[in-house]
**Student:** 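My questions will all concern the structure given below.
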Amino acid sequence: DIQMTQSPASLSASLGETVTIECLASEDIYSNLAWYQQKPGKSPQLLIYDASSLQDGVPSRFSGSESGTQYSLEINSLQSEDAATYFCQQHHDYPYTFGAGTKLELK
Amino acid sequence: QIQLVQSGPELKKPGESVKISCKASGYTFTDYAMHWVKQVPGKGLKWMGWINTYTGKPTYADDFKGRFVFSLEASASTANLQISNLKNEDTANVFCAREDYGSGVMDAWGQGASVTVSS
């Protein structure tokens, strides 16, 4: 199975700041990576697919990038509603696997 | 609008069975695959597998072979997950999520169904 190592496990940032969350794949996943946002008591919501494509309706302050097997989610100009847990997911091969999640807290 | 509406919370005893439904609306049911994802409260997401809503063929992740069955009521645009011989470790929220065939991306999710297994 492809392992997705996500970091950090948690972070705290202030309104207006920029944060970066990373996922390292255990092998090449050829940009087949998605990012999801999950708020407490809610289901995950798709933010980014194919490593850097923004899902319809998602604010442009969210962006994705890649470098080799390292994938990043950047959130610019943090808003209060961005407080959530973020997960990466590879869809290159079965079984699909998720990162362990990053809990983002707003100061 | 696109909606996946799951059945309500379930409280079961070890050894019992449970059936969770996921009713789709707002799109053509057979145009999208349906995935199932497990989340233990406060923990991460684990992919359980998926079902081809056109052919009915299921694919299970290794940890979900044997006691787990994906099925369809295509005429009702509904996907079902049945878990038999429930164990304490099956306690979780279970989500259904649709995928545009071949994209690998789950672009719409159900609200989740809570399953609690306790004696």
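Proteins get letters first, then strands, A, B, ... in listed order; numbering begins at 1 in each. No experiment lies behind these values; they were computed from the predicted model shown.
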**Student:** Quick check on the interface: out of B:Ala97, B:Ser103, B:Gly112, who has the most heavy-atom pairs with chain A under 4.5 Å?
**Tutor:** B:Ser103
**Student:** Are B:Lys12 and B:Asp90 close enough for a salt bridge, meaning some N to O gap below 4.0 Å?
**Tutor:** no
**Student:** Tell me if the aromatic rings of B:Tyr60 and B:Phe68 count as close, with their centers under 6.0 Å from one another.
**Tutor:** no
**Student:** Who among B:Glu99, B:Lys46, B:Gln39, B:Met48 has the most heavy-atom pairs with chain A under 4.5 Å?
**Tutor:** B:Gln39
**Student:** Of the backbone (N, CA, C, O) and the side chain (C-beta and beyond), which part of A:Phe87 lies under 4.5 Å from a heavy atom of chain B, both, or neither?
**Tutor:** side chain
**Student:** Apply ring-ring contact (aromatic ring centres under 6.0 Å, His included) to B:Tyr54 and B:Tyr101, showing your working.
**Tutor:** CA-CA 10 Å; B:Tyr54 189 75; B:Tyr101 282 108; 8.1 Å; no
**Student:** Is there a donor-acceptor pair under 3.5 Å between the side chain of B:Lys23 and the backbone N or O of B:Ala76?
**Tutor:** yes
**Student:** Below 4.5 Å from any heavy atom of chain B, which atoms of A:Gln38 appear? Answer side chain, backbone, both or neither.
**Tutor:** side chain
**Student:** Can we say A:Glu81 and A:Arg61 salt-bridge, meaning some charged N sits less than 4.0 Å from an Asp/Glu carboxylate O?
**Tutor:** yes
**Student:** Which one wins on heavy-atom pair count under 4.5 Å against chain B: A:Pro44, A:Gly101, A:Pro95?
**Tutor:** A:Pro44
**Student:** I need the residue from B:Trp50, B:Phe95, B:Trp47 with the largest number of non-hydrogen atom pairs under 4.5 Å to chain A.
**Tutor:** B:Trp47
